[in-house]
Amino acid sequence: MTMKNKAYYHLPGLFEFYEFYRIFLPLFREHREYFYDWCEIGSIYGAPADCIWGGGRVGDGDCDPGEVLSLMREYGISARLTFSNSLLRKEHLSDRKCNDLCALFAESKGVDHGVIVHSDLLLDYLKVNHSGLYYVSSTTKVLTEFQEFLEEVKREDFRYVVPDFRLNKAFDKLDTLSGKQKEKVEFLCNECCWFGCRDRKRCYEAVSRKNLGEKGPEHQCTAPEADQGYRFSKAMTNPGFIGIDDIQNVYLTMGFSNFKIEGRGLGSALLLEFLLYYMTRPRYQLHVREEIYLDNMLDLF
């Protein structure tokens, strides 16, 4: 097996799982032998509670942004603010909390920090007012048509573009991308959403309304077995699922190296399972579990 690149994982819960990462990141640094040598942490993404620019999920992190930034700086990890609200209007751009967060991360020295965006209105505003950040095109755009996705990849505004998970296995088309274009693609690996879902945009719009504090219809998911919620075992059966064998033997050899793990709203116990599966050598998984479980400061459930 010949791998052209390392895999860079973009992990969930910058604010939501701050306490978890405060324990995990020292373990990742001090016991690097526990983890696959072909992977690294590319970024950690998320948003605090009550951010009207937020999208994708309703943020619930309540930790101090300065402490979050300090942790990312200590470990040299890029932070991404998940500001992918799809329903923003001009009057929302002056929001003090979201602007203060962008200013804090934009002005930080060292590693670059970014914003995951859906709205071009917000993107244009950020380019003028917070130019120290880089930008990621959000999967909430639901780019299921390859040509639409390709046009997004061609946009110079974005350092990374996250396609809809239903393009994950379109290998014939994906392999037509240039090397530089492949470097911009960030695949969503562990989506549990029904592969045949046609309501994904409406689902994200409902979340966007909630973040704006506006009334609107609740989105009722009609997917098969939706009442079960997220299950990693179910996600693994999804036709769009990307497992570690796929990453090593297909995507890396094709020249792709960026992989997003979802899970901001799923709890730190599931986050741990993702990190064990995607990053941890099997013979050391118990070691990692014990280090995390035995920390009395962390509530996993």
Side-chain angles (χ1 to χ4, degrees), residues 8-32 34-35 40-85 95-117 122 126 129-136 138 159-160 211 260-275 279 288-289 291-301:
Y8 292 90
Y9 288 122
H10 303 276
L11 304 178
L14 178 64
F15 295 88
E16 299 89 340
F17 300 135
Y18 166 77
E19 292 295 337
F20 179 96
Y21 287 118
R22 198 173 54 80
I23 297 164
F24 178 78
L25 292 178
L27 185 65
F28 185 69
R29 172 184 285 177
E30 295 165 13
H31 291 281
R32 194 61 180 83
Y34 290 177
F35 304 94
E40 298 287 350
I41 298 173
S43 73
I44 303 177
Y45 66 92
D50 302 321
C51 283
I52 66 170
W53 294 357
R57 298 289 183 271
V58 177
D60 62 0
D62 59 0
C63 51
D64 179 78
E67 293 180 2
V68 171
L69 181 57
S70 178
L71 183 66
M72 296 300 103
R73 186 185 295 120
E74 180 179 355
Y75 290 94
I77 295 173
S78 177
R80 294 179 179 178
L81 298 167
T82 308
F83 286 164
S84 53
N85 195 304
D95 182 79
R96 179 68 178 273
K97 181 173 185 176
C98 294
N99 275 285
D100 286 350
L101 281 165
C102 287
L104 177 68
F105 285 88
E107 294 165 8
S108 177
K109 304 300 181 184
V111 65
D112 291 346
H113 302 299
V115 181
I116 303 172
V117 294
L122 178 60
L126 292 172
N129 294 278
H130 301 290
S131 58
L133 299 163
Y134 68 85
Y135 310 109
V136 181
S138 174
R159 185 177 296 187
Y160 301 98
N211 282 324
K260 180 175 184 176
I261 309 300
E262 78 161 39
R264 283 196 294 148
L266 299 178
S268 50
L270 260 177
L271 172 61
L272 175 58
E273 292 304 314
F274 298 151
L275 299 183
M279 298 179 66
V288 174
R289 277 196 180 93
E291 290 285 347
I292 300 295
Y293 286 161
L294 295 177
D295 191 298
N296 294 325
M297 297 298 291
L298 186 64
D299 181 10
L300 278 175
F301 301 98

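Just so it is clear, the values below take in all heavy atoms, side chains as well, and ignore hydrogens, waters and symmetry mates. Quantities reported herein were computed from a predicted structural model and do not represent experimental measurements.
Under 4.0 Å is where a charged nitrogen must lie from a carboxylate oxygen, and between R22 and E74 no such pair does.
Residues forming a side-chain contact (heavy atoms from CB on, under 4.5 Å) with R96 (at least two apart in sequence, or on another chain): D100.
The distance from the CG atom of L104 to the CG atom of N99 is 12.5 Å, given to the nearest 0.5 Å. In this structure, CZ in F83 is found 9.0 Å from NE2 in H130, a value given to the nearest 0.5 Å. Rounding to the nearest 0.5 angstrom, the gap separating the CD atom in E107 from the SG atom in C102 is 10.5 Å. Separating the CG atom in L272 from the CZ atom in F17 is a distance of 11.0 Å, to the nearest 0.5 Å. Atom CG of L101 sits about 12.5 Å away from atom NE2 of H113, to the nearest 0.5 Å.
In this model, no donor atom of one side chain and acceptor atom of the other lie less than 3.5 Å apart for Y160 and S43. Side-chain N/O atoms of R264 and Y45 include no donor and acceptor closer than 3.5 Å.
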Working for side-chain contact (heavy atoms from CB on, under 4.5 Å), residues I23 and I292: CA-CA 7 Å; I23 297 164; I292 300 295; 3.8 Å; yes
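The closest side-chain heavy-atom distance from R80 to Y134 is below 4.5 Å. The closest side-chain heavy-atom distance from V288 to F28 is not below 4.5 Å. Between F35 and L275, the closest side-chain pair of non-hydrogen atoms is not below 4.5 Å. Using a 4.5 Å cut-off on side-chain heavy atoms (C-beta onward), V115 and F105 make no contact. Side-chain contact between L266 and L271: absent, with no pair of heavy atoms (C-beta onward) separated by less than 4.5 Å.
Among L81, I116, T82, the single residue meeting the side chain to side chain contact (heavy atoms under 4.5 Å, CB included) criterion with V136 is I116. Considering L14, I41, L11 as possible partners of Y21, the one that fulfils the side chain to side chain contact (heavy atoms under 4.5 Å, CB included) test is L11.
Smallest separation of non-hydrogen atoms from G46 and E16: CA-OE1, 3.7 Å. S84 and S138 make their closest contact through CB-OG, 3.5 Å (heavy atoms, listed as atom of the first residue, atom of the second, distance). Here the closest non-hydrogen pair linking E262 and F274 is O-CE1, 3.2 Å.
The main-chain N or O of G54 is found under 3.5 Å from a side-chain atom of N85 such that the two form a donor-acceptor pair.
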Anything under 3.5 Å between a donor and an acceptor, one on a side chain of residues 65-73, the other on a protein residue two or more places apart or in another chain? List them.
{"residue": "R73", "atom": "NH2", "partner": "S108", "partner atom": "OG", "Å": "3.3"}

